[in-house]
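A quick write-up on the structure given underneath.
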Amino acid sequence: MGKHFTLADVHVLPFMLRLVVSLRQFKQYELPTEKLPKLLKWYELCSQRDSVRATALTDEKIKELYSMFLDIDYKFGGLNKNE
């Protein structure tokens with residue numbers, strides 16, 4: 001992480017949060033620290049920021065939202081012909 005919390009951090013962090021939680025919950029997979037040390041250190045540092053803790057979705061809320069998404073039978077405008 002650089003000196004400042006930037007717009008790039010603001011955009012990537014929610015994706016990382018959802019990725020970490022969803023992989024853990026639905027795939028029983030942890031991102032490997034030995035392969036992604038800088039990325040995971042950045043994620044850890046960003047996650048400790050007061051602004052992030054105050055605004056980020058909780059792990060439980062992410063799990064709830066992803067579970068709802070997985071339970072829906074999407075037809076995507078009738079284009080899904082695999083019935």
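Rounding to the nearest 0.5 Å places SG of C46 at 4.5 Å from CG of D9. The CG atom of L13 sits 11.5 Å away from the CZ atom of F15 when rounded to the nearest 0.5 Å. Taken from CG in L39 to OG1 in T33, the straight-line distance is 10.0 Å, to the nearest 0.5 Å.
With sequence neighbours excluded, the residues that form a side chain to side chain contact (heavy atoms under 4.5 Å, CB included) with P32 are Y29, E34, K35, L36. Applying the side-chain hydrogen bond (donor to acceptor under 3.5 Å, both in side chains) rule to D50 yields the partners R53; only residues at least two apart in sequence or on another chain are considered. Checked against side chain to side chain contact (heavy atoms under 4.5 Å, CB included), Q48 has the following partners two or more places apart in sequence or in another chain: E44, L45.
Between Y43 and L31, the closest side-chain pair of non-hydrogen atoms is not below 4.5 Å. Using a 4.5 Å heavy-atom cutoff, the side chains of D59 and Q25 are not in contact.
Among residue pairs with one or both ends in residues 13-26, those qualifying as salt bridge (Lys or Arg N to Asp or Glu O under 4.0 Å) are R24-E30; sequence neighbours excluded.
Closest approach of L57 to L17, counting heavy atoms only: O-CD2, 3.6 Å. Minimum interatomic distance between S51 and T55 (heavy atoms only, all atoms of both residues): O-OG1, 2.7 Å. Heavy atoms only, all atoms of each residue included: F5 and V52 are closest at CZ-CG2, 3.9 Å.
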Side-chain donor/acceptor pairs under 3.5 Å, residues 60-69, sequence neighbours excluded:
from: E60; atom 1: OE2; to: K63; atom 2: NZ; distance (Å): 3.3
from: S67; atom 1: OG; to: K63; atom 2: O; distance (Å): 2.8

